[in-house]
Amino acid sequence: MRLLDYDGTLLGAAPMGVEKAQQAMRLMLLSRATDERFIKLQRMGRVGIYGPVHGQEASVIGSAMALDPARDWMVPASREHLAMHVQGLPLSSLYATYLGRIDHAAVPEGVRLLPRQQAIGAQLPHATGLAWALKLQRLRGAVMVYFGEGAASEGDFHEAANLAGVIRAPLVMVLINNQYAISTPAHRQSAAPNLAARAVGYGFRGIPVDGNDLFAVHAAAREAVERAVAGEGPTLIECRTYRIGFHNTSDNPREYRPDSEVEDAAERDPIDRLRLWLTSEGAWSPKVEAEAVAQVATEIDAAIADVNAQPRPGAEAIFKHVYAELPYRVEQQRRDTVTRKEDVCP
Amino acid sequence: MRLLDYDGTLLGAAPMGVEKAQQAMRLMLLSRATDERFIKLQRMGRVGIYGPVHGQEASVIGSAMALDPARDWMVPASREHLAMHVQGLPLSSLYATYLGRIDHAAVPEGVRLLPRQQAIGAQLPHATGLAWALKLQRLRGAVMVYFGEGAASEGDFHEAANLAGVIRAPLVMVLINNQYAISTPAHRQSAAPNLAARAVGYGFRGIPVDGNDLFAVHAAAREAVERAVAGEGPTLIECRTYRIGFHNTSDNPREYRPDSEVEDAAERDPIDRLRLWLTSEGAWSPKVEAEAVAQVATEIDAAIADVNAQPRPGAEAIFKHVYAELPYRVEQQRRDTVTRKEDVCP
Amino acid sequence: MKQLSIIEAIRAALVEEMERDPSVMVLGMDVGRLGGVFRVTKGLAARFGEERVADTPLAEASIVGAALGLAIGGMKPVAEIQFLGFTQQAFHQIGPQLARYRFRSRGRYPTQVTIRAPYGGGVRTPEFHADAIESQFVQVPGIKIVAPAFPDDAKGLLLQAIRDPDPVLYLEPQRLYRAIRGPVHNGDPIPFGVSRMVRDGTDLILIAWSAAVHLCLEAAETLARTGASVAVLDLRTLNPLDVEGLVAAVRDCGKAVVVHEAPLTGGFGAEIVATLQQEAYGDLDAPILRVGSRDTPYPPGALEDHFLPTVARVVAAARATLEY
Amino acid sequence: MKQLSIIEAIRAALVEEMERDPSVMVLGMDVGRLGGVFRVTKGLAARFGEERVADTPLAEASIVGAALGLAIGGMKPVAEIQFLGFTQQAFHQIGPQLARYRFRSRGRYPTQVTIRAPYGGGVRTPEFHADAIESQFVQVPGIKIVAPAFPDDAKGLLLQAIRDPDPVLYLEPQRLYRAIRGPVHNGDPIPFGVSRMVRDGTDLILIAWSAAVHLCLEAAETLARTGASVAVLDLRTLNPLDVEGLVAAVRDCGKAVVVHEAPLTGGFGAEIVATLQQEAYGDLDAPILRVGSRDTPYPPGALEDHFLPTVARVVAAARATLEY
Ligand SMILES: Cc1ncc(C[n+]2csc(CCOP(=O)(O)OP(=O)(O)O)c2C)c(N)n1
Ligand SMILES: Cc1ncc(C[n+]2csc(CCOP(=O)(O)OP(=O)(O)O)c2C)c(N)n1
Ligand SMILES: [Mg+2]
Ligand SMILES: [Mg+2]
């Protein structure tokens with residue numbers, strides 16, 4: 001499925017107005033600028049590890065914008081940073097994870113969002129269960145869950161999708177096929193040319209979309225959310241995109257893929273494509289872009305400053321939230337750790 | 001896919017000659033008689049637990065007969081008793097498991113067969129690995145693995161199938177959809193009406209067949225084996241059948257399904273269907289059947305007598321084959337156990 | 001007071017909680033119309049509907065993972081895993097996910113999930129169906145582990161498990177399901193972390209949980225006939241562990257033996273010994289021996305008596321300790 | 001003698017075995033062209049071909065399950081699980097399947113499989129990547145567990161692991177991968193079940209394995225400055241456990257502390273204490289203390305120093321024991 005051609009030509013009905021598309025454009029710029037900033041901070045030793053979204057912005061933003069944050073839930077994997085912000089997570093809470101302020105990073109009360117997941121695929125059954133809970137309680141709403149084509153090889157994917165089919169859960173599964181799981185190319189991940197087709201095996205709909213086409217992603221996601229809310233069950237959307245960046249800041253993709261492949265992919269950049277369309281609509285210009293970029297930088301600065309103003313967690317933090325109430329021995333350990341005040345962390 | 005109609009009419013080319021069909025008929029009768037005998041032995045307290053094949057004989061025998069036991073491997077789940085015999089396991093070794101002679105139950109050297117598997121679905125990745133080993137060593141051969149529609153919900157199914165697709169393993173996956181996993185009906189197991197269609201999601205062929213049609217099962221299995229051996233990769237065959245018997249000797253299906261459903265299914269009995277065809281070919285008669293039944297009973301008697309002549313394993317058996325060589329502490333435990341001679345078992 | 005079997009006591013707790021709190025639900029394989037392979041949930045689907053007593057596909061990881069999602073969404077799921085041995089298929093959803101979700105979400109998503117599973121040997125089950133792997137969960141911070149040995153505790157501890165804000169692994173002694181009946185209070189949840197002295201004695205204490213408690217009671221009875229006064233302590237919960245109760249019990253006797261159904265090496269007995277030799281070193285008059293299953297795979301049913309701890313082995317360990 | 005890092009030592013063992021025996025192969029995520037996320041298998045695909053050094057899909061259970069099938073089919077697979085924490089996804093294929101297949105098949109199918117996995121903290125990894133869950137495998141009869149702390153042992157024990165007829169879980173100390181270099185013999189496999197005294201001492205013995213051995217060496221050095229003579233024993237393999245070596249070491253010193261990176265409760269330290277208090281009761285002059293990580297989930301990297309055992313905590317436990 002494609003709605004915006006490589007050159008920005010609209011191939012069907014636009015699923016959003018110009019204003020919303022401008023907003024999407026700003027979010028994609030914010031996403032890319034976040035990547036750049038955190039890679040820089042990582043190189044400076046201020047961030048442990050960071051995985052960029054570069055190249056996948058249309059998949060991430062286009063889908064996230066299809067949710068109603070007051071009604072729907074989002075279950076992220078680990079690379080959909082800005083989607084979490086779209087869903088209502090303040091930018092400074094988003095950044096706090098990378099800057100070591102774990103309590104500030106927590107999802108605030110009222111934001112329908114689960115934390116990031118580092119165990120590939122493990123969030124999928126949670127999303128099914130959450131969607132099931134909505135259904136059992138007759139709550140209107142859908143759950144959108146993100147995962148990669150690598151995650152789609154895990155047993156958790158299969159079990160979560162199959163269960164979702166059986167209970168007709170209001171679930172939207174967004175598979176972001178960025179062609180790589182670390183160094184493993186998609187064709188070594190599965191012999192299936194079409195991962196969306198897996199949905200047939202679970203009794204629901206699967207839609208492959210051009211993941212670099214914000215409109216296609218958004219239209220597919222919006223329809224899937226509507227169907228979920230209407231009680232028509234789950235949908236699997238495969239967003240076909242490309243991870244232009246490295247897997248994360250410890251990775252060097254030159255060890256496993258040719259530059260030419262990346263250059264090719266860069267020509268299908270999702271931001272360029274939307275920019276072309278917006279420009280052709282008279283709704284974007286170099287000047288507007290310059291303003292947007294400046295504003296994004298200011299937002300990032302402010303959010304980082306906000307995080308840096310938060311106290312660094314101390315020893316106490318490792319005992320907090322392990323249990324509602326600490327059992328005897330763990331309480332002893334807490335006291336030992338805290339009273340010794342060996343605050344050995346930086 | 002169907003080749004033999006309910007009334008025994010042949011709908012296409014017969015995949016086997018009359019003689020082989022007679023042999024299949026005898027094996028199906030042996031299978032059913034084995035069920036009856038072991039249910040009786042269980043009721044007498046001589047067998048712990050037994051799960052009958054009743055109703056699924058065409059799926060089990062039709063597929064097993066497609067293998068070349070001198071070249072191909074079989075990986076059973078736990079209900080394909082007679083398939084194991086077709087693959088070369090002596091009847092007395094097959095029965096020995098149920099009669100508590102675990103060493104006699106072992107697969108003899110030279111028989112290309114893995115032991116039964118009680119963890120649902122866990123055998124599937126083993127089968128993929130085994131098929132991979134054949135391929136890596138350039139050994140001609142295929143691996144056939146059995147599992148139920150319940151097992152097809154496990155993560156192991158998904159991971160094993162996907163890996164098999166990627167490495168183009170010479171694997172034939174025989175999904176025996178007998179409509180129940182204990183009490184859970186197939187429609188509660190998956191919303192997909194066609195489990196064979198899952199193969200698309202792994203990049204290989206899936207074929208749904210009438211599992212009560214020996215010819216259809218055999219033809220599909222034979223083709224799949226040929227393709228596997230020829231390097232054309234895996235096939236998923238869904239045999240649609242019905243578990244006429246109980247799940248196992250501790251189960252009472254009346255608690256979860258109506259008798260009428262079972263009666264309906266019994267009208268599509270796989271043995272009846274083959275008998276009709278054989279009779280129409282002049283190759284079967286009540287007299288031949290009576291002889292076959294008598295012969296089967298004799299075989300069963302002989303095999304059981306053979307098992308009963310084997311010594312019951314003692315304490316030593318629990319320490320045998322845990323490691324190539326027992327570590328210090330386990331060796332101590334072995335000595336303790338054996339020398340105390342508390343041979344507390346019956 | 002009503003005399004119930006353990007199965008009946010568990011069912012009674014489920015019914016009470018489901019009556020009391022509409023967010024409590026049951027999910028698992030065959031738990032609905034059939035009422036579970038042991039009929040523990042028999043009648044619940046008819047009473048509370050198939051939505052609240054939901055059959056799931058045959059996929060353990062998704063049962064646990066979905067239970068976590070259900071809890072995040074406001075339900076209080078009681079998930080049945082057909083046999084504890086099959087929690088291995090769900091292991092990555094239990095330790096790293098369910099048990100850590102409160103921590104990971106910094107308290108935003110407490111996960112009030114109970115996992116029930118029958119376990120333990122002595123009933124000639126097929127492979128995996130008897131595996132006593134509780135100690136693998138002991139090293140999972142964040143999940144509580146409960147292992148009742150009597151109908152009354154089975155009910156009271158399950159009430160607590162369902163109401164407890166933390167995830168709980170509730171282990172059911174398969175062998176005792178219908179084998180014993182006992183009085184069951186119509187009352188309150190039983191708090192976790194409180195062991196119970198089920199037989200008094202002054203010379204030695206046998207420490208156990210779940211079905212092994214009954215083995216210890218038999219052994220104590222045998223030992224009594226030769227004049228030894230042997231106490232039996234039922235831990236009831238492994239996490240939280242009643243360290244004070246253990247220390248006090250050992251202080252009184254000076255001698256102890258730990259008995260469990262899990263294989264000896266790495267079993268929870270090791271933790272009890274390590275804890276006691278640290279916390280009650282001065283009070284110990286002999287090494288604490290452990291009696292467990294053999295360090296082998298669980299054998300086929302016909303051979304399980306060679307594998308499992310027996311009264312004779314408990315008595316032998318107790319005698320050696322008494323004579324130390 | 002060559003000075004190698006642990007990564008180089010592991011790679012050298014893999015190369016030697018693959019040269020020696022054409023049925024040895026490597027499989028796992030990203031092990032091929034990339035050479036694994038730590039580059040342990042770097043260069044192997046180029047040397048031995050992508051069939052023998054095979055990238056797999058992202059699915060841990062199938063990696064282990066397929067390795068078992070490969071072994072049944074005549075290969076000798078060395079499977080890499082990217083981080084030990086992700087063996088949880090494969091748990092049901094390790095304990096109940098791989099470790100028991102020889103037993104289940106009554107010796108017909110021995111399963112010569114090695115699982116390699118990096119583990120342990122101190123390098124600020126994301127969640128799950130540092131989890132020290134070795135004790136969960138200790139209660140799995142049938143699988144051997146190896147945990148080297150030095151390049152030489154890393155090589156010799158891996159040679160043995162690959163040649164050993166039983167399945168082996170080979171734990172790689174992530175923190176030490178490139179942090180230390182040492183002489184590596186060009187020689188034979190190192191037998192399992194033989195611990196090594198890596199520092200002599202007469203007052204107290206510190207018992208450890210993997211990265212914690214180096215913590216103990218530092219602590220012993222610190223203690224030496226105050227006049228205490230502290231020995232350090234490197235277990236090297238957890239199963240088989242060198243019970244005789246442990247007992248002999250404790251007999252000499254009379255006092256011991258066990259140190260490990262896993263959370264305290266239910267860690268393998270408990271088994272060592274329980275074993276020693278039984279086998280060397282008369283020789284003990286003090287309770288054996290354990291120093292482990294805190295009984296909490298592994299925290300985010302920036303907080304790990306509060307969680308992990310530190311030199312200070314080892315020294316404190318040693319002092320308390322010395323002064324007992
Ligand atoms: C269960 C599990 N196995 C392995 C890893 C290590 N790992 C981290 S990211 C990654 C690749 C994920 O690929 P994909 O799902 O396609 O997502 P992407 O990184 O492309 O966004 C792997 C293997 C992990 N975190 N969890
Ligand atoms: C991993 C696992 N979970 C649960 C069980 C309990 N169990 C035994 S048989 C069975 C149903 C299997 O259904 P299916 O795969 O359709 O095979 P069938 O019994 O119909 O032949 C279940 C749930 C098990 N043995 N293993
Ligand atoms: Mg990817
Ligand atoms: Mg079935």
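Below, each value reflects all heavy atoms present in this structure, side chains not excepted, and no hydrogens, waters or symmetry copies. Residue numbering restarts at 1 for every chain, and letters A, B, ... go by the order of the sequence lines.
For a residue to count as touching a neighbouring chain, one of its non-hydrogen atoms must lie under 4.5 Å from one of that chain's; by this rule D:F192 does not touch chain B. Contact of B:L114 with chain D is made through backbone and side chain together, with heavy-atom distances under 4.5 Å. With a 4.5 Å cut-off on non-hydrogen atoms, B:Y328 touches chain D through its side chain but not through its backbone. Contacts of B:L134 with chain D are absent, with no heavy-atom separation under 4.5 Å from either backbone or side chain. Of the atoms belonging to B:V166, it is side-chain heavy atoms, and not backbone ones, that fall under 4.5 Å from chain D. B:E109 touches chain D through backbone and side chain together, each having a heavy atom under 4.5 Å away. When heavy atoms are compared at a cutoff of 4.5 Å, D:P96 does not approach chain B at all. Residue D:L68 touches chain B through its side chain alone, counting heavy-atom pairs closer than 4.5 Å. Heavy-atom distances place no part of D:D164 under 4.5 Å from chain B, backbone and side chain included. Heavy atoms closer than 4.5 Å to chain B are found in the side chain of D:E244, but not in its backbone. Heavy atoms of D:Q97 lying under 4.5 Å from chain B belong exclusively to its side chain. Contact of D:S23 with chain B is not made at all, since no heavy-atom distance falls under 4.5 Å. For chain B, the nearby part of D:I143 is the backbone; its heavy atoms alone come within less than 4.5 Å. Using a 4.5 Å cut-off between heavy atoms, D:R102 touches chain B through backbone and side chain atoms alike.
Contact tally against chain D (heavy-atom pairs below 4.5 Å) for B:A105, B:A169, B:P125: the top residue is B:P125. When each of B:P115, B:A122, B:P327 is scored by its heavy-atom pairs under 4.5 Å with chain D, the top score falls to B:P115.
Looking at B:R329 and D:E271, a side-chain N of the basic residue comes within less than 4.0 Å of a carboxylate O on the acidic one, giving a salt bridge. The residues D:D153 and D:R196 are annotated as salt-bridged, a charged nitrogen and a carboxylate oxygen being separated by less than 4.0 angstrom.
For D:F137 and D:F91, the ring centers are positioned less than 6.0 Å apart. D:F128 and D:F83 have their aromatic ring centers separated by at least 6.0 angstrom.
A donor and an acceptor atom, one from each side chain of B:S190 and B:R198, are located under 3.5 Å apart.
Counting all heavy atoms, side chain and backbone alike, D:A61 lies closest to D:Q93 at O-CG, 3.5 Å.
For the pairing with B:L236, the side-chain contact (heavy atoms from CB on, under 4.5 Å) check across B:V174, B:L175, B:V172 returns one residue only, B:L175.
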Inset, instruction - Assess whether ring pair (Phe, Tyr, Trp, His ring centres under 6.0 Å) is satisfied between B:F38 and B:H81, documenting all intermediate values. - result: CA-CA 12 Å; B:F38 277 83; B:H81 316 293; 8.2 Å; no
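Both cation-pi conditions hold for D:R106 and D:F103: the charged atom is under 6.0 angstrom from the six-membered ring centre and inside a 45 degree cone around its axis.
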